[in-house]
Amino acid sequence: MKVPATQTNLSKIPFTERRPVLSVVIIELLILVAMFIAGAYATIKELSYTAPVLIAFIPISIVLILYVTLKKSWGRYGFRPLTEIPRQNWIYYLPLVLTLICIAFNGFRSFTLQEALFFVFFTLMVGFVEETVYRGLILHILLRKKSITAAIVASSLLFSVTHVLNILSGQSAEDTIVQLVYALLTGAALALLIVKNKNIIPLIIYHFIHNLIQFLGQDGRSVSVWDYVILVILLLHCVWLILSLKKEPALPQVSGSSKGMA
C-alpha cells in the first residue's frame, strides 16, 4: 500500500516547522516544569537560593549543546563571529552598556574571590541557556512561520513569564511589576538586536554581565530610581531598533523568514 506523496513530504518537514506555536509552548513548559521541580527539591533539601537554577539549568545547558552540535545549527541560532556584525551596527549595543552602568550605580556588597568565581560560572550558564532558548530556539522557530513582530512579541512575553516565579518569593507588588516589565523590555530589545545583526554572542555577554553585577550587588535592595531609568532606556532602545529596521529595504533574516515588521 502506497503512502500518499503529500503525507510523505509532510513527514520530512520538522515538527517545529509544522507546529511552530505548539513547539514553542512545549519548550516553555519544559523550562517551567524543570524550574518548578528543581525549586521544590531545593526547598525540601533547604538548599541555597541558587540551587534551583543550577539543578535545572546544568542539564538544560548540556542538552542544548548536544542538540545544537548534532544538528550543526550553531550558526543558525546566531553563534557567529563578532566580525560578521557590520561596524556601523555596533552603536545599537550602546543602550545595553548604559543599562549596565545604571545597575552598577546601585552599589556592590562585599564578596570573596570564591563567591565571585561561582557567580561568574553561574551567570554565564544562565546567560547561555536563556539566550539560546529565547533568542535562539524560540525566536528561530517563530520567525520561520510568523511575522518578525509576532516572533519578537511572543519570545519576549515568554521570557517575561519565566520571571513570574519571583512573585512567590515574597517581594512587593512594585518590585514584581518592575521586574516583569524589565524582563519584557529586555527580551524585546535583545530579540530586535538579533534580528538586526543575526548574532547571539553579544546578547549572551550582556546577559552574563548584567546578572553578575546584580548578584554581586547590594542584598535585599528594593526598586530604586535607577531601575526606572533603565526601563526608560530599554523602551527607547526598542523604539530606536524598530525604527532602524523599518528603514532597511530588506530586513536581515535570522531563519529565512520573509515576513517583515507589522
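Sequence positions, counted from 1, serve as the residue numbers for this chain. Note that these values count all heavy atoms, side chains included, but never hydrogens, waters or copies made by symmetry.
Between the Ser244 side chain and the Ile242 main chain, no donor and acceptor come within less than 3.5 Å of each other. In terms of modelled atom types and a separation under 3.5 Å, the side chain of His237 and the main chain of Tyr92 share a donor-acceptor contact. Within the 3.5 Å criterion, the main-chain N or O of Glu115 finds a donor-acceptor partner in the side chain of Thr112. Put simply, the side chain of Thr123 never gets that close to the backbone of Asn211: no donor and acceptor are under 3.5 Å apart. Not a single donor-acceptor pair under 3.5 Å links the side chain of Glu17 to the backbone N or O of Pro14. Side chain of Asn199 to main chain of Ile201: a donor-acceptor pair is present (N/O by atom type, distance under 3.5 Å, no hydrogens or angles). A distance-only check finds no donor-acceptor pair linking the side chain of Ser160 to the backbone of Ser156 [under 3.5 Å]. Counting only distance, with no hydrogens or angles, the side chain of Ser61 and the backbone of Ile58 share a donor-acceptor pair below 3.5 Å.
Between Ile101 and Trp226, the closest side-chain pair of non-hydrogen atoms is not below 4.5 Å. Using a 4.5 Å cut-off on side-chain heavy atoms (C-beta onward), Trp240 and Ile91 make contact. Leu100 has its side chain out of reach of Leu96: every pair of non-hydrogen atoms, C-beta onward, lies at least 4.5 Å apart. Counting heavy atoms from C-beta outward, Ile85 and Leu82 have side chains that approach closer than 4.5 Å. Between Leu236 and Pro95, the closest side-chain pair of non-hydrogen atoms is not below 4.5 Å. In this structure the side chain of Val68 never reaches within 4.5 angstrom of the side chain of Leu137, judged on heavy atoms.
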#### Entry: Steps toward side chain to side chain contact (heavy atoms under 4.5 Å, CB included) verdict (Arg109, Phe111)
CA-CA 6 Å; Arg109 61 180 174 81; Phe111 53 85; 3.7 Å; yes
### Message
Could you go through Leu158 and Ile31, starting from their C-alpha distance and side-chain angles, then the distance that decides it, and tell me whether this counts as side chain to side chain contact (heavy atoms under 4.5 Å, CB included)?
### Response
CA-CA 11 Å; Leu158 291 174; Ile31 295 291; over 6 Å; no
#### Entry: Residue pair Tyr67, Leu64: steps toward the side chain to side chain contact (heavy atoms under 4.5 Å, CB included) verdict
CA-CA 5 Å; Tyr67 173 80; Leu64 285 173; 5.7 Å; no
### Task
With side chain to side chain contact (heavy atoms under 4.5 Å, CB included) as the test, would you mind laying out the steps for Met35 and Val53 before giving the verdict?
CA-CA 7 Å; Met35 287 299 299; Val53 176; 4.0 Å; yes
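The minimum heavy-atom distance between Tyr93 and Asn197, with the atom names listed, is OH-ND2, 3.0 Å. Between Ala38 and Pro52, the closest heavy-atom pair is CB-O, 3.2 Å. The two residues Ile138 and Ser155 make their nearest non-hydrogen contact at CG2-CB, 4.0 Å. Between Cys102 and Val229 the shortest heavy-atom distance is SG-CG1, 3.9 Å. Lys146 and Val21 get closest at one heavy-atom pair: CE-CG2, 3.8 Å. Closest approach of Ile194 and Tyr77 over heavy atoms only: CD1-O, 4.2 Å.
A side-chain donor-acceptor contact under 3.5 Å links Ser48 and Thr50. At a cut-off of 3.5 Å, with distance as the only test, a side-chain donor of Tyr206 or Thr99 sits close to an acceptor on the other residue.
If you chain together hydrophobic residues whose side chains sit under 4.5 Å apart, Ile60 and Ile62 fall into the same group. Side-chain heavy atoms closer than 4.5 Å link hydrophobic residues (I, L, V, M, F, W, Y) into clusters, and following such links, possibly through other members, connects Leu192 to Tyr182. Using a 4.5 Å cut-off between side-chain heavy atoms of Ile, Leu, Val, Met, Phe, Trp and Tyr, with links allowed through other members, Tyr228 and Ile230 fall into the same hydrophobic cluster. Each of Val225 and Val181 belongs to its own hydrophobic cluster when Ile, Leu, Val, Met, Phe, Trp and Tyr are linked at side-chain heavy-atom distances under 4.5 angstrom. At a threshold of 4.5 Å between side-chain heavy atoms, the hydrophobic network of Ile, Leu, Val, Met, Phe, Trp and Tyr places Trp90 and Leu193 in one connected group.
Stacking of Arg135 on the aromatic ring of Phe159 is recorded, both the 6.0 Å distance cut-off and the 45° axial limit being met.
Taking CZ from Arg144 and CZ from Arg18, the interatomic distance works out to 13.0 Å, rounded to the nearest 0.5 Å. Residue Leu212 holds its CG atom at 4.5 Å from CG of Leu216, rounded to the nearest 0.5 Å. With rounding to the nearest 0.5 angstrom, the CD atom of Glu84 is 8.0 Å from the NZ atom of Lys198. A distance of 12.5 Å separates CG of Leu142 from OG1 of Thr149, quoted to the nearest 0.5 Å. In this structure, the separation between CD1 on Ile55 and NZ on Lys45 is 10.5 Å, given to the nearest 0.5 Å. If you take CZ on Phe79 and CD on Glu131, they are separated by 9.0 Å, rounding to the nearest 0.5 Å.
The residue from Leu203, Thr162, Leu190, Leu139 that alone fulfils the side-chain contact (heavy atoms from CB on, under 4.5 Å) condition with Tyr134 is Thr162. With Phe122 as reference, Phe215 is the one residue of Phe215, Phe208, Tyr49 to meet the ring pair (Phe, Tyr, Trp, His ring centres under 6.0 Å) rule.
More than 12 heavy atoms of other shown residues, nucleotides or ligands fall within 6.0 angstrom of atom CZ in Phe15. When the shell of 6.0 Å around CD of Glu46 is examined, it contains 12 or fewer heavy atoms from other residues, nucleotides or ligands.
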